Amino acid sequence: MFQCLEPERNEETGPVYVRERGKLSVVGSHVSELRTRPCRLFSKGFSVELCGKQEDTSRHRQKPFIFTYTKEGSLRYSAKSLFTLTLDLITDNIHYVDSLMGFPDQIAEKLFTAAEAKHKFFTPCNGVMALRKFTEAYGDLVLSSLCLRGRYLLISERLEEIKSFQCLRSLDLSCCKLGDEHELLEHLSSDPMSSLTELYLKDNCFSDTGIRKMTASLRVLGKGLDALKVLDLSSNPGITYRGVLFLFGFKLLQFLDLSDTSIQDRSRTVKKIETKIGLVLSKKPIIQFEHRNCRTQGWAEQLLDQWENYIFSAIKPKDTLKSRKAAQQFYGKETKQNPLDSGICTLLTPVEQKQTHLQFFRPEEQKDSDSSKSDKRQRSTKRTGADPGQEDCTIAPATKRPRVTLTAADWDLLNSY
């Protein structure tokens, strides 16, 4: 019985080694049968594969490690900071965030960039909701100037996203062929667009009806584009002298372009604009209407380019169309190219119509007098204690959102985690 239990005892306790006369030997009779087994937690064929939530298989999933190289050339990896991991977590669940009011601008910009990199603004429903949370909280930081000149495909595909931008100061919609019944025309007269100071509507097939719709809220309620200073309505053949009468509500207007329209009585129009608004006809072209400085500025500048690239990639011509064109060229058949298909915006003006120059500006003396009058009105309202909105709706002070900024000490504290 003792002999049967001895091997089990040796297997449990393991072999006993004795060093004698400089040689290492194993104690026991079963020396050949005892072998040292390696201490392995798993077998050699064991492997582990991490399976996460696969949202988009086309994009590489970011790992929570940062790989760098030392001076000796060896690979070294370190874990991401807690701030970076938290930012990634909020970005992945941006559609669950209720509001971003109170967040510092620096952190919000990093959050917007991370959401843009993960294509969180591409989905029709959640993308619009996420974009509105940024625009409601940060306003002109998201976009202060928007240039959509000739980008009518982008307007038609991303109309809701474009309407979500608030606190814009400059908007260029030239050569977009919107027409009098477009939704953007009513959106221009809404409260989110009251901060516009520059509006370019060149070559949009507008008529007197469209001008009446755009200025309805300003003429009736005193709200809308009351801060507008630059207005371009050139190359719209449907605008006549009747449509010019709807523009007299823009009291702060400094530059106006009515070139290439259907205004017949030029002298009458010039006198009427000079007496009602105080603008004088310019003999030379005005620099403000050359569209040199008009460009998209803000956090969402690259987002608009991503939207446009996505749209153009979806409407690429198929291989069958390419082969058909190649066959037509081989047999000598000429194909007429449509200017709208090539993406080139052309002015749809009649050939017989001559180009007319009607650009107006406000003289410097009137600008100084208008500024002094506005200062006197504000001082009088402060002394009397009356409501400034009742006296002049155009000089009502705009409400500014309190912004939180981070100092250098705050950033050091964030990077220390």
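In this text, all values refer to a predicted model and were calculated from it rather than measured experimentally.
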Between Leu281 and Glu274, is the side-chain contact (heavy atoms from CB on, under 4.5 Å) condition met? List the steps.
CA-CA 8 Å; Leu281 180 65; Glu274 185 175 357; over 6 Å; no
Side-chain donor-acceptor pair present, Asp180, Ser207, cut-off under 3.5 Å
yes
Can Asp203 and Lys177 be counted as an ion pair, charged N to O under 4.0 angstrom?
yes
Let me see the working for Met214 and Ser189 under side-chain contact (heavy atoms from CB on, under 4.5 Å), right down to the final yes or no.
CA-CA 6 Å; Met214 186 180 66; Ser189 60; 5.6 Å; no
What do the steps show when you test Phe361 against Phe255 for ring pair (Phe, Tyr, Trp, His ring centres under 6.0 Å), and what is the final call?
CA-CA 5 Å; Phe361 71 99; Phe255 300 96; 7.3 Å; no
Walk me through it: do Asp92 and Lys118 pass the test side-chain contact (heavy atoms from CB on, under 4.5 Å)?
CA-CA 8 Å; Asp92 294 334; Lys118 293 185 177 182; 2.8 Å; yes
Which residues share a salt bridge (Lys or Arg N to Asp or Glu O under 4.0 Å) with Glu308, sequence neighbours left out
Arg151
Under a 3.5 Å cutoff, is there a donor and acceptor pairing between the side chains of Ser267 and Asp265?
yes
Start with the C-alpha gap between Trp307 and Phe121, add the side-chain angles, then the distance that decides, and say whether ring pair (Phe, Tyr, Trp, His ring centres under 6.0 Å) holds.
CA-CA 9 Å; Trp307 286 344; Phe121 303 117; 7.6 Å; no
Between Thr261 and Asn236, a side-chain donor and acceptor under 3.5 Å
no
Give the ring-plane orientation class for Phe122 versus His119, where under 30° counts as parallel, over 60° as perpendicular and anything between as tilted.
perpendicular
Between Lys163 and Glu186, is there a side-chain N and carboxylate O pair less than 4.0 Å apart?
no
Quick one: sort the Phe134 and Phe112 rings into parallel, tilted or perpendicular, breaks at 30° and 60°.
perpendicular
Carefully, step by step, assess Lys223 and Asp191 under the rule salt bridge (charged side-chain N to carboxylate O under 4.0 Å, His left out).
CA-CA 7 Å; Lys223 298 180 181 180; Asp191 292 336; 5.3 Å; no
